[in-house]
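Naming convention: chains lettered A, B, ... in sequence-line order (proteins, then strands); numbering from 1 in each chain. Keep in mind that what you see is a predicted model, and the values were worked out from it rather than measured.
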Amino acid sequence: MSTVRVRFAPSPTGDLHVGGARTALFNWLFARHHGGTFVLRIEDTDAARSTEAATQVILDALEYLKLDWDEGPGKEGDFGPYYQSRRLDLYKKYASELMGRGRAYHCYCTPEELDQRRQEQIKAGESTRYDGRCRNLTAEEKQAFAAEGRVPVIRFKSLEEGATVVEDLVRGTVTFDNVTQVDDFVIFKSDGMPTYNFAVVVDDALMKISHVIRGDDHLSNTPKQIQIYEALGFKTPTFAHIPMILGPDKSLLSKRHGATSVTQFYDDGYLAEAMVNYLALLGWGYDDSQTIFSIPDLIAKFSLERVSKNPAVFDKQKLEWMNGVYIRELSLEELYEVCLPFCQKEGLLPAEVSPELKAYTLKVLEQLQSRLKLVADVVALASYFYIDDYEYKPEIVQKILTKPQTEDILNFVHAAVKDAAKLDEEHLKPQFQLGLEKYGIKMGDLIQPIRVALTGTNVSPGIYDVLELLGKEKVLARIERTLDMLKKEELL
RNA sequence: GCCCCCAUCGUCUAGUGGCCUAGGACAUCGCCCUCUCACGGCGAAGACAGGGGUUCAAAUCCCCUUGGGGGUACCA
């Protein structure tokens, strides 16, 4: 019987970032490994930046990655609501409890005043912290401030001595000096909303979260939160701060490094299994020889003990390679299913695919499978199998179809194909070999022109496979079309 | 400025005092396969940031320096 309860708590201010996805994944893996509960909580207390659309984007992204939550939006449990914006009463209740216990107070300092004092502290070489001047305001002083039109915030009265220790599952013991590192931070903003550091504690405590697994960037905030837990008499959860994900230049991964949103990866045709496998390896490793992990395997082997301490650079090339690995593992039927939307979107396949067309597509995909890195690549690689007025790549035509014997070779192949009983290697190769002797060329000199004639480019599956798939009628027509084009362009 | 975290090939990492002349994967390069491109196979190159300790023995423990990252908000 497990009491593991973890949560992923994104704030809906934009797309789900791969860093967030990795955090969600580690939480999910930890929960699944221990047979615990994975909670999804939406941290939308920043009314100015949070949107409902962004929430949906995050939900969709998690669904794509198949990270299902046990409690959260659409899955009400015993600890809801799961949107912070709907938990205001709770935050107010605990804030006033803190006030009652003398552990919180109203502060009337303005942002400008605060900022000025901060600058002075920096100049003096001190650590920046609230100086506590509103700690013991009299009723008269408060009234005077209110009369000036100042709207107070609520600050937490932090400990004035000692140290706060974070016992972290991946970092070990981290000690923070209370005097210089934990100041009287704001727990309720003047707009009546709680701050992150306060809401997160109330929520995690009330939702009975046992392990807080989150990004390294939260480590510095942890002592503040621990003091809240203790002031409120809550049991502190176990913490695990996982390393950040960086861009190639070692700075925090962000949009300027290219695609970073999960939605973008989905649109580019990354398989969920590949994304999950790759993300799992960013900051976690099992042993020296394994890089490909199925999801059940990941669940079985994942542990926080093996989470790395150092930040990881996001290597898109490795992700692409891995995606290729997963594409190659797909059955043809599965490959067809994932490729279908991309082909339909680009007009290669109609909304309703006939059984004949599907059978043809299955054969095309069989040839393309080892050549795909992204599912989206299928459109570019398969187009000439579906489009008869494919374009010729000028530089390729120039390079391959302008040799003196081109016309003869194409005519020769045209004749050979026309007479062939079947367009496969067995029937065609002997014929082609005759051409080799006749023109004094090598197989490549014969095949490359055919390839360009049939596909418009110099890269394709094996030529006999292309010939067979296209069929006699199209092959003949395409050779004729190419000859016409060459004459028209005066390249012969 | 102050505080915290981190430090093995270009990248992700294995390594928890002797098994390390440091292993794997991606990327790179070469060869093989071959009609092109992939796939696949074989091989090469490539790292313990620097300096002090501790120890018979250090990539592994301690300290300093350097470098990188994060926090320091009425953002989360």
Side-chain angles (χ1 to χ4, degrees), chain A residues 9-13 43-46 48-50 84 107 109-111 114-115 118-119 121-129 151-155 166 168 171-172 174-177 180-181 183 185-197 199-200 215-223 241 243-244 246 248 250-252 278 281-292 308-322 324 328 367-373 381 396 400 429 432 442-448 450-452 455 457-464 466:
Chain A
S11 72
T13 53
E43 308 218 330
D44 55 354
T45 52
D46 185 353
R49 297 200 298 154
S50 301
Q84 287 191 327
C107 168
C109 297
T110 65
L114 261 14
D115 188 54
R118 242 191 313 270
Q119 296 310 321
Q121 288 171 332
I122 290 175
K123 210 184 283 178
E126 297 166 9
S127 56
T128 54
R129 59 198 314 277
V151 183
V153 298
I154 299 175
R155 282 185 186 274
V166 180
D168 192 284
R171 307 275 144 190
V174 185
T175 305
F176 294 85
D177 179 56
T180 59
Q181 294 321 115
D183 70 345
F185 57 98
V186 174
I187 60 174
F188 251 88
K189 301 180 265 184
S190 56
D191 68 357
M193 294 298 271
T195 59
Y196 166 75
N197 279 132
V200 74
D216 215 2
D217 48 341
H218 291 287
L219 183 57
S220 298
N221 287 142
T222 309
H241 288 92
M244 307 268 63
L246 311 178
K250 305 267 189 172
S251 71
L252 210 55
Y278 180 70
L281 255 27
L282 239 37
W284 177 84
Y286 185 65
D287 63 23
D288 60 344
S289 60
Q290 190 175 3
T291 49
I292 300 298
S308 157
K309 290 180 205 216
N310 32 349
V313 173
F314 189 82
D315 182 0
K316 200 173 171 190
Q317 277 187 312
K318 190 161 184 176
L319 205 212
E320 283 182 8
W321 162 78
M322 195 170 275
R328 274 170 251 136
Q367 295 306 323
L368 261 23
Q369 188 161 28
S370 71
R371 297 169 167 85
L372 296 175
K373 271 198 160 59
L381 296 186
I396 304 296
I400 295 174
K429 196 168 181 181
F432 287 176
K442 286 192 239 171
M443 195 54 105
D445 302 322
L446 180 84
I447 284 178
Q448 280 301 71
I450 311 175
R451 173 169 282 118
V452 179
T455 69
T457 179
N458 61 342
V459 173
S460 84
I463 201 65
Y464 301 108
V466 174

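No hydrogens or angles were tested; on distance alone, nothing pairs the side chain of A:K373 with the base of B:rA38 as donor and acceptor under 3.5 Å. The base of B:rC39 is not paired with the side chain of A:R328 by any donor and acceptor separated by under 3.5 Å. A donor-acceptor contact under 3.5 angstrom links the side-chain atoms of A:S370 to the base of B:rA38. Side-chain atoms of A:D217 stay outside donor-acceptor range of the base of B:rA76, with no qualifying N/O pair under 3.5 Å. Residue A:R171 places no side-chain atom within donor-acceptor reach of the base of B:rC5, judged by atom type and a 3.5 Å distance cut-off alone. Within 3.5 Å, no donor on the side chain of A:S220 pairs with an acceptor on the base of B:rC4, nor the reverse.
Nearest nucleotide to the side chain of A:W321, out of B:rA76, B:rU36, B:rC26: B:rC26. The side chain of A:Q448 has B:rC35 as its nearest neighbour among B:rC37, B:rC5, B:rC35. Candidate nucleotides B:rC6, B:rG24, B:rC74 were compared by shortest atom distance to the side chain of A:K189, and B:rC74 ranks first. Closest to the side chain of A:R371, from the set B:rG69, B:rC4, B:rA38, is B:rA38. Here the nucleotide nearest the side chain of A:A312, chosen from B:rC37, B:rC12, B:rG1, is B:rC12.
The base-pairing partner of B:rA14, taking Watson-Crick or G-U wobble contacts with both distances under 3.5 Å, does not exist among the strands shown. Remark: B:rC20 base-pairs with no nucleotide in the shown strands. Criterion, Watson-Crick or G-U wobble with two distances under 3.5 Å. The partner of B:rA57, taking Watson-Crick or G-U wobble pairs whose two distances both stay under 3.5 Å, does not exist in any strand shown. Nucleotide B:rA38 forms a pair with no other nucleotide shown, judged by Watson-Crick or G-U wobble geometry with both contacts under 3.5 Å. For B:rC48, there is no paired base (Watson-Crick or G-U wobble, both distances below 3.5 Å). Across all strands shown, the partner of B:rC29 is B:rG43, judged by Watson-Crick or G-U wobble contacts whose two distances both fall under 3.5 Å. Base pairing of B:rG67: its partner is B:rC6, meeting the Watson-Crick or G-U wobble criterion (both donor-acceptor distances under 3.5 Å).
Remark: A:R371 CZ to A:L381 CG distance equals 8.5 Å, nearest 0.5 Å.
A donor and an acceptor atom, one from each side chain of A:N310 and A:S308, are located under 3.5 Å apart. For the residue pair A:R118 / A:T128, no side-chain donor-acceptor distance below 3.5 Å is found, with atom types taken as modelled.
Within the 4.0 angstrom heavy-atom criterion, no nucleotide atom of any strand lies near A:T180. At the heavy-atom level, A:P311 lies under 4.0 Å from the strands shown only through sugar-phosphate atoms. The residue A:S127 sits close to a base: some heavy atom pair falls under 4.0 Å. A:V153 comes within contact range of at least one nucleobase, with a heavy-atom separation under 4.0 Å. Among the protein residues, A:G324 comes within range of no part of the nucleic acid, since none of its heavy atoms lies under 4.0 Å from any strand. At a threshold of 4.0 angstrom between heavy atoms, the contacts of A:E43 are confined to the sugar-phosphate backbone, with no base atom among them. If you check every strand for non-hydrogen atoms under 4.0 Å, A:G462 touches a base.
Atoms CD1 (A:I187) and C1' (B:rC75) sit 17 Å apart, rounded to a whole Å. A:L381 has its CG atom 9 Å from the C1' atom of B:rA38, to the nearest Å. As a whole-Å value, the separation of A:L282 CG from B:rU11 C1' is 10 Å. The nearest whole Å value for the distance from the NZ atom in A:K442 to the C1' atom in B:rU34 is 13 Å. In this entry the distance linking NZ of A:K309 with P of B:rU60 reads 14 Å, nearest Å. A straight line from CG of A:N310 to P of B:rC48 spans 16 Å, rounded to a whole angstrom. Between the P atom of B:rA38 and the CD atom of A:Q317 lies a distance of 13 Å, rounded to the nearest Å. A:I447 places its CD1 atom 13 Å from the P atom of B:rU34, with the value rounded to the nearest Å.
B:rA14 sits 15 Å from B:rG24 when the P atoms are compared, rounded to a whole Å. Comparing the C1' positions of B:rA76 and B:rA59 gives a spacing of 38 Å, expressed to the nearest Å. For B:rC61 and B:rG17, the C1' atoms lie 8 Å apart once the distance is rounded to whole Å.
RNA chain B is contacted by both A:V313 and A:F176; A:F176 maps to the nucleotide lying nearer its 5′ end (nearest heavy atom per residue).
Classified by interplanar angle (parallel below 30°, tilted 30° to 60°, perpendicular above 60°), the ring pair A:F432/A:Y464 is parallel.
Dashed line: the shortest gap from a side-chain N or O of A:T45 to OP1 or OP2 of B:rA76 is under 4.0 Å. Taking 4.0 angstrom as the limit, A:R118 places a side-chain polar atom (N or O) nearer than this to OP1 or OP2 of B:rA73. Look at A:K250 and you'll find a side-chain N or O under 4.0 angstrom from OP1 or OP2 of B:rU11. One finds a side-chain N or O of A:R155 lying less than 4.0 angstrom from the OP1 or OP2 phosphate oxygen of B:rC74. A close approach under 4.0 Å does not occur between any side-chain nitrogen or oxygen of A:K316 and OP1 or OP2 of B:rC26.
Between the side chain of A:N458 and the backbone N or O of A:I396, no donor-acceptor pair lies under 3.5 Å. Between the side chain of A:R328 and the backbone N or O of A:Q369 there is no donor-acceptor pair closer than 3.5 Å. Under a 3.5 Å cut-off, the side chain of A:Y278 and the backbone N or O of A:D315 do form a donor-acceptor pair. Although no hydrogens or angles enter the test, the distance criterion places a donor-acceptor pair under 3.5 Å between the side chain of A:R451 and the main chain of A:P461.
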(request) Tell me, with the steps shown, if A:L252 and A:L246 meet side-chain contact (heavy atoms from CB on, under 4.5 Å). (result) CA-CA 4 Å; A:L252 210 55; A:L246 311 178; 4.1 Å; yes

